[in-house]
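So the structure is just underneath, and the comments pick up after that.
Numbers restart at 1 for each chain; the letters A, B, ... are given by sequence-line order, proteins then strands. Only heavy atoms go into these numbers, but all of them, side chains included; no hydrogens, no water, no symmetry mates. Treat the numbers as computed from the prediction; the structure is a model and nothing was measured.
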Amino acid sequence: MYFLNQISETISNAVYSLFGDEAIAKPLVIEQTKKVFVGDFTLVVFPLLKFSKKKPEETADLIGDYLVNNSSNFSSFNVVKGFLNIQLSHSYWGELINNWCIDESFGIAKKESGRLYMVEYSSPNTNKPLHLGHLRNIFLGDSVANILKANGHKVVKTQIINDRGIHICKSMVAWLKFANDESPESNQLKGDHLVGKYYVEFDKAYKEEIQVLVNEGLDVEKAKLEAPIFKSAQDMLLKWEKGDVEVRALWSKMNNWVYSGFEKTYNKMGVEFDKLYYESDTYSLGKLVVESGLDSGTFYQKEDKSIWCDLSKDKMDDKLLLRSDGTSVYMTQDIGTAVQRYEDYPGLSGIVYTVGNEQNHHFKVLFKLLSKLDYSWSDECYHLSYGMVELPEGKMKSREGTVVDADDLMDAVINEAKLLTNERGHLEGLSEDEIESLCTKIGLSGLKYYLLKVDPKRKMMFDPKESIDLNGHTGPFIQYGYARIKSLLNKKKSTKDFIVKDVEFKSQELELIKSISIFPEIIRQSSQELSPAILANYLFSLVKAYNSFYQSCPILKEEDENIVEFRLKVSDLTSRIIKKGMFILGIKVPERM
RNA sequence: GGUUGCGUAGCUCAGCUGGAUAGAGCACCUGCCUUCUAAGCAGGCGGUCCCAGGUUCGAAUCCUGGCGCAAUCACCA
């Protein structure tokens, strides 16, 4: 049994014996003892006073006495006001460490849960390259998938690619008009960047045309609709929907440019997907589902033929599902996609949608619609909503060119890692390939950790200077801790069958052990909250505890062989947790740096 | 205007299923490398936890009301 449960059960038994079953009707409040007090665990006794009918101090004393007298796991206790601070015996800690060390998968679920979850993330449009906002999304989703796996679930990593619609047509129109057949091959530009370039070109030309029309006396709204280039885009969308061969060919060609560009970006990130969905495939299923919802009376039709869902009972505005011309909207596609997914994976236990909080309302409505359509799984859909990434100078706006490009950012962060690592003289004796590999690990860890350490649901500030920092609360700090342990273990390995016993731990050793002890709980909690930030912050505190231990407890110099073995063992265990934990965050750790 | 989320040190963030003297990192200041990697460690400075009420033995945490910021409420995606 997980030892925290074991401890709380023992304490619970003590309370039961002393004060009866009513006293344990509510869960006991047991927490790790705050640093300023002496002890390992603290029982808050205030809630027990009405059962003990004694003062807080006396109540705590009674329980403390009982524990120490009835279990060798507890060595001593002290009472401060209504707080019972309990210390575990060092021999019990030693026993625990032995167990953790021989457990290859310490902290990770031993048994499969039998559940299969789908995690959706990234889900870009195919008209422009990925940017900083996508990075938070992708790192989050990828890590959440790993967290679910670490808790014994099976996971399908997926994305819905928004490969159709008016915005895609804009790039296509602009390319036809301005590109002179420019292709990724002809000018060595990544495909997604090339297509993005023409999306911007479209916008530029569009604005100019609007201005011309306005100068001719049209009002702005009208001009937006009348601009020739906009009309061509609309025209192209109609042709696309009708399956026009030439338009489809161009669409296909440009989308493939984008996909190969994305591919490179995902490779660099170290991210991959198990299953891809394309809106061009799922929107028509969405239409069918909406139409059958109309037949069954779930939805209603207005005079102009548009189809709606009445949400007044749910205190929301009615939602449009098919336009009067019969074309689909975003919501239609999302309904189709969800239905398709449950058809593809009948055993699915749930879908996690990693999508920004700007779409909170959209998903609330989507899940409500699925429920109205009587899909039993509608309440298994979960919107993992995360906050926007903001820059020191404000929000990213594509129109104002303040968007931070994902490829540029990764390159910058890796280059910076090279500079800083070189400054420290840590690149000596490495080949070009090794330097590349090491600095990629370091740079990306800085970036990923920076984006993951903040609670997903909060908006966050992205400061470029901080994101490439190697000191303090950063990915490289954790990597460095790992590399130091590895360097140590290369000099002397712990003996496999050594058993820790009769070791009196120094305070730094005990702090480290305590930090290690909660790793399984952290893995569980990260999954419950779908929050890599919990794990990220934990790993930082673990490494801090280790560094403090490392500083104050010499290992190779220590004479007592028993202590040396213990310290090597606990170092090895720490390194395994760091590696595993960072892996779950999607971050690689270098063996040396 | 309605709905939802957020407001903690100069800055970026933890802590929030109520618990003790609210914690980290950055920045600034002091020490520590002939000793296992100083990308480190030890310490200092720094707080009306937005405001006002309420519940409670106990509130940064829960409730109500303000103030401020953000998102959203599209025949956009």
Side-chain angles (χ1 to χ4, degrees), chain A residues 27 29 31 33-37 42 44-47 49 56 80-83 85 125 127 162 164-168 279 302 304-308 315-317 319-325 327-331 333-334 356-362 364-365 385 387-388 390 392 395 417 420-421 423-426 442 446 450 453-455 457-463 465-466 469-481 483-492 508 533-534 536-538 540-541 543-544 546-558 567-568 571 592-593:
Chain A
V29 184
E31 357 184 275
T33 303
K34 300 242 187 303
K35 281 228 171 87
V36 285
F37 300 99
T42 296
V44 183
V45 303
F46 292 108
L49 300 185
V80 181
K81 296 179 193 167
F83 299 89
N85 302 316
N125 294 348
N127 62 343
N162 192 330
R164 58 169 295 263
I166 188 75
H167 51 292
I168 311 295
E279 285 187 351
K302 288 190 178 172
D304 65 359
K305 300 287 185 201
S306 59
I307 298 179
W308 297 73
K315 292 183 190 163
M316 291 186 278
D317 293 338
K319 181 67 198 175
L320 174 88
L321 297 169
L322 280 180
R323 296 189 185 101
S324 48
D325 64 3
T327 57
S328 65
V329 292
Y330 185 42
M331 188 60 83
Q333 299 168 170
D334 266 8
N357 64 8
E358 56 200 350
Q359 294 192 36
N360 283 354
H361 184 256
H362 172 79
K364 205 172 148 192
V365 173
S385 162
M388 295 292 104
E390 289 169 14
K395 280 193 195 169
L420 294 172
T421 307
E423 256 174 37
R424 288 171 166 81
H426 289 197
I442 296 172
Y450 188 87
K453 71 178 176 183
V454 180
D455 182 354
K457 59 179 185 288
R458 287 175 55 131
K459 70 172 158 58
M460 68 174 291
M461 180 61 69
F462 184 86
D463 184 337
K465 285 196 293 280
E466 276 180 29
D469 203 346
L470 307 179
N471 302 313
H473 191 186
T474 67
F477 171 93
I478 296 170
Q479 290 179 314
Y480 185 69
R484 282 209 306 194
I485 300 177
K486 280 312 202 182
S487 157
L488 181 70
L489 294 174
N490 279 336
K491 298 198 166 91
K492 187 168 166 71
Q508 290 87 350
I534 292 171
N537 284 303
Y538 163 75
F540 175 63
S541 69
V543 172
K544 270 201 305 180
Y546 183 84
N547 286 346
S548 184
F549 156 83
Y550 180 89
Q551 195 76 20
S552 58
C553 304
I555 298 171
L556 304 179
K557 261 175 55 184
E558 172 63 43
R567 289 179 181 167
L568 286 172
S571 296
R592 59 163 281 195
M593 71 186 275

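Rounded to an integer number of Å, the gap from NE2 of A/H361 to C1' of B/A77 is 15 Å. Rounded to a whole Å, the NZ atom of A/K557 is 12 Å from the P atom of B/U34. The OH atom of A/Y546 sits 16 Å away from the C1' atom of B/A39 (whole-angstrom rounding). Regarding A/E390, its CD atom lies at a distance of 9 Å from the P atom of B/A70, rounded to whole Å. Taking atom NZ of residue A/K364 and atom C1' of nucleotide B/U72, one finds them 10 Å apart after rounding to whole Å. A straight line from CG of A/D455 to P of B/U12 spans 16 Å, rounded to a whole angstrom. Straight-line distance from the CD atom of A/Q551 to the P atom of B/C41: 8 Å, rounded to whole Å. Atom pair A/N537:CG and B/C16:C1' shows a separation of 14 Å (rounding to whole Å applied).
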Between protein and nucleotides 17-28 of chain B, map the contacts as a letter string: B base, S sugar-phosphate only, - none, heavy atoms under 4.0 Å, written 5' to 3'.
-> --BBB--SSS--

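A close approach under 4.0 Å does not occur between any side-chain nitrogen or oxygen of A/R164 and OP1 or OP2 of B/A77. The phosphate of B/A77 (OP1 or OP2) has no side-chain N or O of A/Y330 nearer than 4.0 angstrom. A/S487 has no side-chain polar atom (N or O) that falls below the 4.0 Å cut-off from OP1 or OP2 of B/C36. Put simply, A/K315 has no side-chain N or O that comes within less than 4.0 Å of OP1 or OP2 on B/C73. Checking the phosphate oxygens (OP1, OP2) of B/A42, a side-chain nitrogen or oxygen of A/S548 falls inside 4.0 Å. Taking only side-chain nitrogens and oxygens, A/R323 comes nearer than 4.0 Å to OP1 or OP2 of B/C76.
Annotation: B/G66 and B/C29 have their C1' atoms spaced 41 Å apart (nearest Å). Distance check on atom P: B/C73 versus B/U12 gives 28 Å, rounded to whole Å. The separation of B/U3 from B/A74, taken at their P atoms, amounts to 16 Å, rounded to a whole angstrom. Taking atom C1' in both B/U17 and B/U21, the straight-line distance is 24 Å, to the nearest Å. Using P as the reference atom, B/A42 and B/G58 are 37 Å apart when rounded to the nearest Å. The gap from the P atom of B/A60 to that of B/A39 amounts to 40 Å, rounded to the nearest Å. When the C1' atom is compared between B/G31 and B/C45, the two are found 15 Å apart, to the nearest whole Å. Taking atom C1' on both B/G23 and B/G46, the two are 13 Å apart, rounded to the nearest angstrom.
Residues A/V329 and A/L321 fail the side-chain proximity criterion, which asks for heavy atoms closer than 4.5 Å. Contact annotation: the side chain of A/V44 approaches that of A/F83 to within less than 4.5 Å [non-hydrogen atoms, C-beta and beyond]. Contact check for A/S385 versus A/Q359: no side-chain heavy atoms found under the 4.5 Å cut-off.
The partner of B/G58, taking Watson-Crick or G-U wobble pairs whose two distances both stay under 3.5 Å, does not exist in any strand shown. Using N1 to N3 plus N6-O4 or O6-N4 for Watson-Crick, or N1-O2 and O6-N3 for G-U wobble, each under 3.5 Å, B/G40 pairs with B/C32. The partner of B/A70, taking Watson-Crick or G-U wobble pairs whose two distances both stay under 3.5 Å, is B/U4. The partner of B/G47, taking Watson-Crick or G-U wobble pairs whose two distances both stay under 3.5 Å, does not exist in any strand shown. Nucleotide B/C13 forms a pair with B/G23, judged by Watson-Crick or G-U wobble geometry with both contacts under 3.5 Å.
Using a 4.0 Å heavy-atom criterion, one finds that A/N125 contacts the sugar-phosphate atoms exclusively. As judged by a 4.0 angstrom heavy-atom cut-off over every strand, A/M460 is placed among residues touching the sugar-phosphate backbone only.
Of all the heavy atoms in A/L322 and A/S328, the pair that sits closest is CD2-CA, 3.8 Å. Scanning both residues, A/H473 and A/K453, for their nearest heavy atoms gives O-NZ, 3.0 Å.
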Return the polar atom pairs (N/O with N/O) between nucleotides 5-8 of chain B and the protein under 3.5 Å, or none.
residue: B/G7; atom: OP1; partner: A/R458; partner atom: NH1; Å: 3.3

Where do A/N357 and A/K457 land on the side chain to side chain contact (heavy atoms under 4.5 Å, CB included) test, with the steps shown first?
-> CA-CA 8 Å; A/N357 64 8; A/K457 59 179 185 288; over 6 Å; no

Does the pair A/K492 and A/I555 meet the rule for a side chain to side chain contact (heavy atoms under 4.5 Å, CB included), with working shown?
-> CA-CA 9 Å; A/K492 187 168 166 71; A/I555 298 171; over 6 Å; no

I would like to know whether A/Q551 and A/Q508 meet side chain to side chain contact (heavy atoms under 4.5 Å, CB included); could you show each step before the answer?
-> CA-CA 9 Å; A/Q551 195 76 20; A/Q508 290 87 350; over 6 Å; no

Just do the side chain to side chain contact (heavy atoms under 4.5 Å, CB included) check on A/L488 and A/L556 with the steps written out, would you?
-> CA-CA 8 Å; A/L488 181 70; A/L556 304 179; 4.0 Å; yes

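Between A/Q359 and A/A417, the residue anchored closer to the 5' end of RNA chain B is A/A417, taking for each the nucleotide with the nearest heavy atom. Mapping A/P554 and A/L420 onto RNA chain B by nearest heavy atom places A/P554 at the nucleotide closer to the 5' end.
Side-chain proximity of A/H426 to B/U37, B/C36, B/A77: nearest is B/U37. Among the nucleotides B/U37, B/C36, B/A77, the one closest to any side-chain atom of A/I555 is B/C36. Set against B/C36, B/A77, B/G40, the side chain of A/N547 has B/G40 as its closest nucleotide.
Base orientation of B/C33: syn, the glycosidic angle falling within 90° of 0.
Classification of the A/F462-A/Y450 ring pair by plane angle, with boundaries at 30° and 60°, yields perpendicular. Aromatic ring orientation, A/H362 versus A/Y330: parallel (interplanar angle below 30°, classes split at 30° and 60°).
Taking the centre of each ring, A/F549 and A/Y546 come in below the 6.0 Å mark.
Side chain to side chain, A/S571 and A/Y550 fail the donor-acceptor criterion of an N or O pair below 3.5 Å.
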